[in-house]
Engineer: 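Quick one: the structure is below, and I'll ask about it shortly.
Letters go in sequence order (proteins before strands), and every chain restarts at 1. Keep in mind it's a predicted model, so treat the numbers as computed, not measured. Atoms considered below: every heavy atom in the structure, side chains included; atoms not considered: hydrogens, waters and symmetry mates.
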There are 2 protein chains.
Amino acid sequence: MKLSTIKDVARIAKVSITTVSATINGTAPVSKALQERVWEAVKTAGYHPDPVARNLRMGTSKTIGLIVPDIATPWAAHLAKAMQRALSDIGYNMLFASNDDDPEREFREIELFSSHRVAGLIIAPTTHGEDYAGRLADAVHTPAVLVDRVIENSRFDSVTDDNHFGAQLITRYLLKLGHRDIAFMVGRPGISSSDERYAGFLETMAAANVTVRDELIHHRIHLREHAFASVQKLMTLPRPPTAIACINIAQLLGTMAGLQNMGLRVPDDVSVISFDGFHPAEGWNPSITALTQDITTVSTRAAELLLARIEGKVDTPPQIIRVAPSLTVRTSCRAVPGTA
Amino acid sequence: MKLSTIKDVARIAKVSITTVSATINGTAPVSKALQERVWEAVKTAGYHPDPVARNLRMGTSKTIGLIVPDIATPWAAHLAKAMQRALSDIGYNMLFASNDDDPEREFREIELFSSHRVAGLIIAPTTHGEDYAGRLADAVHTPAVLVDRVIENSRFDSVTDDNHFGAQLITRYLLKLGHRDIAFMVGRPGISSSDERYAGFLETMAAANVTVRDELIHHRIHLREHAFASVQKLMTLPRPPTAIACINIAQLLGTMAGLQNMGLRVPDDVSVISFDGFHPAEGWNPSITALTQDITTVSTRAAELLLARIEGKVDTPPQIIRVAPSLTVRTSCRAVPGTA
DNA sequence: CTGTAAACACAAATCGTTTCGTGTTATCCA
DNA sequence: TGGATAACACGAAACGATTTGTGTTTACAG
């Protein structure tokens with residue numbers, strides 16, 4: 001069961017190593033007759049070029065690296081799955097790392113992957129720490145595409161959900177149901193997805209001439225516990241919100257737990273809506289009305305973009321692609337009593 | 001920003017390449033004085049040995065491959081996360097692939113990873129198709145550890161949840177609540193986790209002298225739709241079950257959706273319990289009583305086992321390690337009326 | 001003082017590719 | 001038919017590490 005080398009193939013086909021390489025890669029003209037002999041020999045030898053040797057010689061591999069903050073979040077898991085599919089279709093494979101949202105580990109992973117000479121990187125960046133954009137820019141020396149979180153003015157392409165549009169969708173939906181007192185949980189400042197969603201929310205509210213009550217906006221809610229605490233505060237206000245918008249799963253879980261803890265029912269006592277559609281929202285009671293993110297499109301576009309850069313087909317300035325989500329209405333929101 | 005090679009280090013330290021390699025890897029005796037010069041040079045050159053060149057020369061890399069049926073299942077995602085952590089701690093990194101439970105893709109991935117000269121493989125096997133065990137045995141030429149599903153008499157180590165024990169836990173709990181008419185959804189036959197759980201259930205029931213009603217056992221339920229349909233049948237029986245046990249998430253989701261569709265309430269009309277603890281069971285109403293799987297232990301043990309094999313420290317016969325789950329009681333089960 | 005073993009350093013071969021430079025043969029046009 | 005040009009084939013040099021074999025120095029026992 002020894003693997004055969006290009007040398008074996010050359011011997012069998014009675015040609016030089018050079019010719020074998022040339023026929024296989026089509027990098028130099030080879031006569032029809034020889035080509036046939038070579039391919040025949042390749043088959044009988046069961047030859048597959050050694051990716052490692054190729055990697056060493058060429059300085060690049062058919063491998064891309066995927067780096068996400070936390071593979072255990074459904075969003076990232078789906079991304080990884082779709083991405084791996086997209087890549088294996090075109091003969092690439094995937095190195096993978098998860099870093100618990102820790103930029104130090106993230107940069108170490110980037111370096112590690114680089115030393116393995118990946119052809120490119122897909123990164124869902126942590127975007128924490130001092131001068132993150134700068135550090136990233138000079139840590140990465142291969143083509144790279146950022147997903148999920150956007151970094152403004154970076155030299156990398158980005159593919160992300162259209163958070164602004166998503167915020168419109170959610171906000172308009174709540175407004176249409178008659179909600180005016182909408183609580184909004186913002187995440188960590190500087191995380192683009194959070195910022196953009198919040199901005200979209202404010203804008204849509206303003207466009208509808210509805211004033212946003214400051215005490216209903218809670219910032220820096222990125223752990224379950226935060227959301228749990230927030231809910232207690234929100235629902236004990238003299239005039240509590242009629243709807244709560246959550247940005248991610250952690251918030252949603254915390255919110256639901258908090259409400260249950262207070263003996264409040266959804267949607268009877270308060271409506272709940274989520275930006276993050278990646279949870280098993282059905283089968284439970286209530287099922288959560290949420291945005292549905294088109295993660296397949298995100299990964300396909302990201303893969304396309306990366307490949308185009310790798311193959312040097314494009315040298316357009318970095319672009320930001322936003323993929324539109326849709327709103328999936330389930331049972332966690334109801335109209336405000338006394339509204340059409 | 002050019003990477004420095006071992007040659008640069010040798011030049012700076014004014015020694016031969018051999019000496020540099022010897023000091024770094026400790027493979028040959030080098031005098032204290034030279035060692036110091038070498039390390040100094042390594043530092044000033046910012047030298048890291050090129051893993052690719054090392055891989056080519058040594059015929060093996062510090063990379064292990066993880067292959068799972070579906071990374072988008074929470075179980076696999078948590079496994080990947082814990083595994084990557086365990087491996088990166090000891091200087092290994094991870095190639096990763098997901099195959100949608102398709103053995104053909106699985107074997108292609110094994111071959112691909114092998115050609116990249118991974119040092120070992122962690123496989124959550126699909127266990128489908130003709131002579132799966134045999135095919136696997138001669139597809140894999142590196143050390144490998146199987147997780148989740150067990151293959152009897154294979155030449156590989158396995159690490160898995162203790163399904164038999166889990167089934168005992170669940171069954172005894174239901175019995176204690178007074179349930180006698182327990183519906184059990186079995187998965188595809190031949191999948192060890194499903195078979196073992198079912199066997200454990202039967203055994204525990206028998207030990208308690210409770211007869212199992214055949215019409216409450218539904219086989220080959222591995223898609224949501226199957227479970228959805230099953231539930232309709234179960235709950236329209238003249239004497240419907242008082243409790244339903246689900247083996248995996250797909251079943252659980254289908255079951256809950258089916259019940260809701262029939263207007264039945266959990267746990268008022270029927271209790272539901274799950275073997276698969278990897279879902280956001282809290283915050284929803286009801287929260288599902290389920291086994292909690294100790295996936296960190298599973299991945300740690302698997303990594304240890306694999307590393308031991310890789311480093312040739314052990315050549316004991318293949319072992320099967322079973323990691324015990326625990327039962328997390330939530331709110332989806334209630335005592336049968338008229339029971340203590 | 002000598003012989004031998006241990007300790008140390010190095011040049012060169014190797015892993016399996018791709019590619020550069022060189023040489024040979026065929027092809028075409030004037 | 002001669003000569004330029006294209007087409008084709010090949011040997012040898014990279015890529016960056018480890019390892020083998022050889023030679024030189026030091027240390028120590030006889």
Side-chain angles (χ1 to χ4, degrees), chain A residues 1-42 45-63 91 112 114-119 141-142, chain B residues 1-39 41-42 45-63 91 112 114-119 141:
Chain A
M1 188 51 218
K2 225 188 125 287
L3 248 44
S4 51
T5 78
I6 197 175
K7 207 188 275 183
D8 302 321
V9 176
R11 185 161 28 72
I12 296 177
K14 296 191 204 305
V15 294
S16 78
I17 290 178
T18 314
T19 308
V20 177
S21 176
T23 35
I24 290 180
N25 303 309
T27 52
V30 176
S31 67
K32 260 283 186 254
L34 280 203
Q35 278 196 32
E36 211 142 306
R37 286 227 311 271
V38 169
W39 284 121
E40 187 68 22
V42 164
Y47 169 72
H48 290 282
D50 183 332
V52 178
R54 192 195 222 112
N55 186 349
L56 175 60
R57 171 64 224 230
M58 309 234 291
T60 180
S61 64
K62 285 225 161 209
T63 302
L112 184 66
S114 301
S115 79
H116 278 263
R117 295 216 177 78
V118 294
H141 303 102
T142 62
Chain B
M1 187 53 216
K2 229 191 123 285
L3 249 45
S4 49
T5 78
I6 197 175
K7 206 187 278 182
D8 302 322
V9 175
R11 186 162 26 77
I12 296 177
K14 293 189 205 306
V15 296
S16 78
I17 290 179
T18 314
T19 308
V20 177
S21 177
T23 38
I24 289 180
N25 303 310
T27 52
V30 175
S31 66
K32 259 289 187 251
L34 279 205
Q35 279 196 33
E36 210 141 307
R37 285 229 309 274
V38 169
W39 284 120
V42 164
Y47 169 72
H48 291 281
D50 183 332
V52 177
R54 195 196 217 109
N55 186 349
L56 176 60
R57 170 65 224 232
M58 309 237 290
T60 181
S61 64
K62 286 227 161 206
T63 302
L112 184 67
S114 302
S115 78
H116 278 262
R117 297 218 177 78
V118 294
H141 304 102

Engineer: May I have the distance from A:Ile6 (atom CD1) to D:dG11 (atom P), rounded to whole angstrom?
Structural biologist: 13 Å
Engineer: C:dT17 P sits how many Å from A:His48 NE2, rounded?
Structural biologist: 12 Å
Engineer: May I have the distance from A:Arg54 (atom CZ) to D:dG16 (atom P), rounded to whole angstrom?
Structural biologist: 18 Å
Engineer: Do any of residues 9-19 of chain B sit with a heavy atom less than 4.0 Å from DNA chain D, and if so which?
Structural biologist: B:Ile17, B:Thr18
Engineer: Under the rule for side-chain hydrogen bond (donor to acceptor under 3.5 Å, both in side chains), what residues qualify as partners of B:Thr63, not counting sequence neighbours?
Structural biologist: B:Asn93
Engineer: Reckon A:Val30 touches a base, only the sugar-phosphate, or nothing at all at heavy-atom distances under 4.0 Å?
Structural biologist: sugar-phosphate
Engineer: Got a sec, which pairs hit salt bridge (charged side-chain N to carboxylate O under 4.0 Å, His left out) with one end in residues 10-33 of chain B, sequence neighbours left out?
Structural biologist: B:Asp8-B:Arg11
Engineer: Starting at CD1 of A:Ile24 and ending at C1' of C:dT17, how long is that distance when rounded to a whole Å?
Structural biologist: 10 Å
Engineer: For A:Ile17, what residues pass the side-chain contact (heavy atoms from CB on, under 4.5 Å) criterion, not counting sequence neighbours?
Structural biologist: A:Ile6, A:Lys7, A:Ala10
Engineer: Figure out the CG/C1' separation between A:Asp50 and C:dG16, and round it to whole Å.
Structural biologist: 6 Å
Engineer: I'd like to check the salt bridge (charged side-chain N to carboxylate O under 4.0 Å, His left out) partners of A:Arg117; sequence neighbours left out, ordered by chain and number.
Structural biologist: B:Asp50
Engineer: Can you name the side-chain contact (heavy atoms from CB on, under 4.5 Å) partners of B:Ser114, sequence neighbours left out?
Structural biologist: B:Ile110
Engineer: Rounded to the nearest 0.5 Å, what separation is found between the CD atom of A:Gln35 and the OG1 atom of A:Thr19?
Structural biologist: 10.5 Å
Engineer: Looking at B:Tyr47, does any N or O in its side chain come under 4.0 Å of the phosphate oxygens OP1/OP2 on D:dA17?
Structural biologist: yes
Engineer: When the axes are fitted on five pairs at both termini, how much does the helix from C:dC1-D:dG30 to C:dA30-D:dT1 curve, in 10° steps?
Structural biologist: 50°
Engineer: For residues A:Arg37 and A:Val15, report the shortest heavy-atom separation together with the two atoms involved.
Structural biologist: NH2-CG1, 3.6 Å
Engineer: For A:Arg57, what residues pass the side-chain hydrogen bond (donor to acceptor under 3.5 Å, both in side chains) criterion, not counting sequence neighbours?
Structural biologist: none
Engineer: Within the structure, does a side-chain N or O atom of A:Ser31 lie under 4.0 Å from either OP1 or OP2 of D:dA7?
Structural biologist: no
Engineer: Looking at A:Val30 and A:Ala22, what are the two nearest heavy atoms and their distance?
Structural biologist: CG2-CB, 3.7 Å
Engineer: Distance check needed: C:dA26 P versus A:Leu34 CG, whole Å only.
Structural biologist: 13 Å
Engineer: Would you please name every residue forming a side-chain hydrogen bond (donor to acceptor under 3.5 Å, both in side chains) with B:Ser21, sequence neighbours left out?
Structural biologist: B:Asn25
Engineer: Just the rounded figure in Å: distance from P of C:dA7 to CD of B:Gln35.
Structural biologist: 14 Å
Engineer: Quick one: is C:dT18 close enough that its OP1 or OP2 comes under 4.0 Å of any side-chain N or O from A:Asn25?
Structural biologist: yes
Engineer: Considering residues at least two apart in sequence or located in another chain, which fulfil the side-chain contact (heavy atoms from CB on, under 4.5 Å) criterion with B:Ile24?
Structural biologist: B:Val20, B:Trp39, B:Val42, B:Tyr47
Engineer: For B:Thr23, enumerate each residue passing the side-chain hydrogen bond (donor to acceptor under 3.5 Å, both in side chains) test, keeping only those at least two apart in sequence or located in another chain.
Structural biologist: none
Engineer: Could you list the protein-to-nucleotides 13-15 of chain C atom pairs, N/O on both sides, closer than 3.5 Å?
Structural biologist:
from	atom 1	to	atom 2	distance (Å)
C:dT14	O2	B:Arg57	NH1	2.6

Engineer: Mind calculating the distance between CG (B:Asn55) and P (C:dT17) to the nearest angstrom?
Structural biologist: 13 Å
